[in-house]
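What follows is a single structure, written as structure tokens, with notes after it.
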Amino acid sequence: MSRRRQIYEGKAKILYEGPEPGTIIQYFKDDATAFNAEKKGTINGKGVINNRISEYVFTRLSHIGIPTHFIRRLNMREQLVRQVEIVPIEVVLRNVAAGSICKRLGLKEGDQLPHTLIEYYYKDDALGDPLISEEHIACFNWASQEEMQDIASMAIRVNDFLCGMFAGIDIRLVDFKLEFGRLYDGDFSRVILADEISPDGCRLWDMNTNEKMDKDRFRQDLGGIEDAYQEVARRLGILNNDDNSPGEVLDMSAHRGKMRGKPAKK
């Protein structure tokens, strides 16, 4: 059997050539980075849980008519997606003041913003993903005016849906990042949602305690990050307390130890 061809490796995922033309296999890693990769580490089982959460969210979004690159989950760490040309813009939606906007504008973390704010960042690790305006996007032709209208419209719809979805499980969606890609059909292309949606790219706070349930626990050395990611998945109904559930055990070394002590199935 021939080894599949790796196309790209990023900070959190590896992309492989898919089994059919126009498809890619997206592999979720346990690697964690922060502050433009100045801080690096490993979050045990992160790739498994992010794969499951992203599958769940993208599937729910498709039900409300948001076009996405997601096709299906293949296994615990991989999913099959449509091959797209990534638009070099990170779209950040902010509902509550947190992170870089507090430093830039002197806001207090946790303050509710007057309305949802959309920010755009140029995707370039070497430059630190700088904040840009729609004027920059038009000037450098990173996306057309029509594409930006579609992106902004989809982003607001995604935000409205996810705010309601998370509020239903007592989680506040503080802010989150989206990426979009061009899906080509001959000379024609349309913009669809791509990448992933998971606690890696969302700020999620418990509505009752304001406890952080996302990658800020890694950024700020708060500890308990694996438990936080799993709690998000449990509240979404992705995981349960049954250790026999195939997606439940995220600590794979501990899982293997448990399995060695169990009798073989007949």
Inset, instruction - Look at Arg217 together with Asp227 and state whether they make a salt bridge at an N to O cut-off of under 4.0 Å. - result: no
Legend entry - Pairs touching residues 78-87 that satisfy salt bridge (charged side-chain N to carboxylate O under 4.0 Å, His left out), sequence neighbours left out: Arg4-Glu78, Glu85-Arg182
Inset, instruction - With sequence neighbours excluded, tell me which residues meet side chain to side chain contact (heavy atoms under 4.5 Å, CB included) with Phe188. - result: Arg190
Legend entry - Selection residues 59-97 - residue pairs positive for ring-ring contact (aromatic ring centres under 6.0 Å, His included), sequence neighbours left out: Phe58-His69
Inset, instruction - Please round to the nearest 0.5 Å and tell me the distance separating atom OH of Tyr122 and atom CG of Leu127. - result: 7.0 Å
Legend entry - Non-neighbouring partners of Trp205 that pass ring pair (Phe, Tyr, Trp, His ring centres under 6.0 Å), sequence neighbours left out: none
Legend entry - Main-chain N/O of Thr42 paired to Asp30 side chain as donor or acceptor, under 3.5 Å: no
Legend entry - Lys46/Asp200 ion pair, N-O < 4.0 Å: yes
Legend entry - Presence of salt bridge, Arg219 and Asp216, under 4.0 angstrom: yes
Inset, instruction - Name all residues meeting the salt bridge (Lys or Arg N to Asp or Glu O under 4.0 Å) criterion together with Lys123; count only those two or more places apart in sequence or in a different chain, and write none if there are none. - result: Glu179
Inset, instruction - State plainly whether the residues Arg203 and Asp214 are in salt-bridge range, i.e. N to O under 4.0 Å. - result: no
Exercise answer: donor-acceptor pairs, residues 12-21 side-chain atoms, under 3.5 Å, sequence neighbours excluded:
| unit_1 | atom_1 | unit_2 | atom_2 | d |
| --- | --- | --- | --- | --- |
| Lys13 | NZ | Asp195 | OD1 | 3.0 |
| Lys13 | NZ | Glu196 | OE2 | 2.7 |
| Glu17 | OE2 | Arg5 | NH2 | 3.2 |

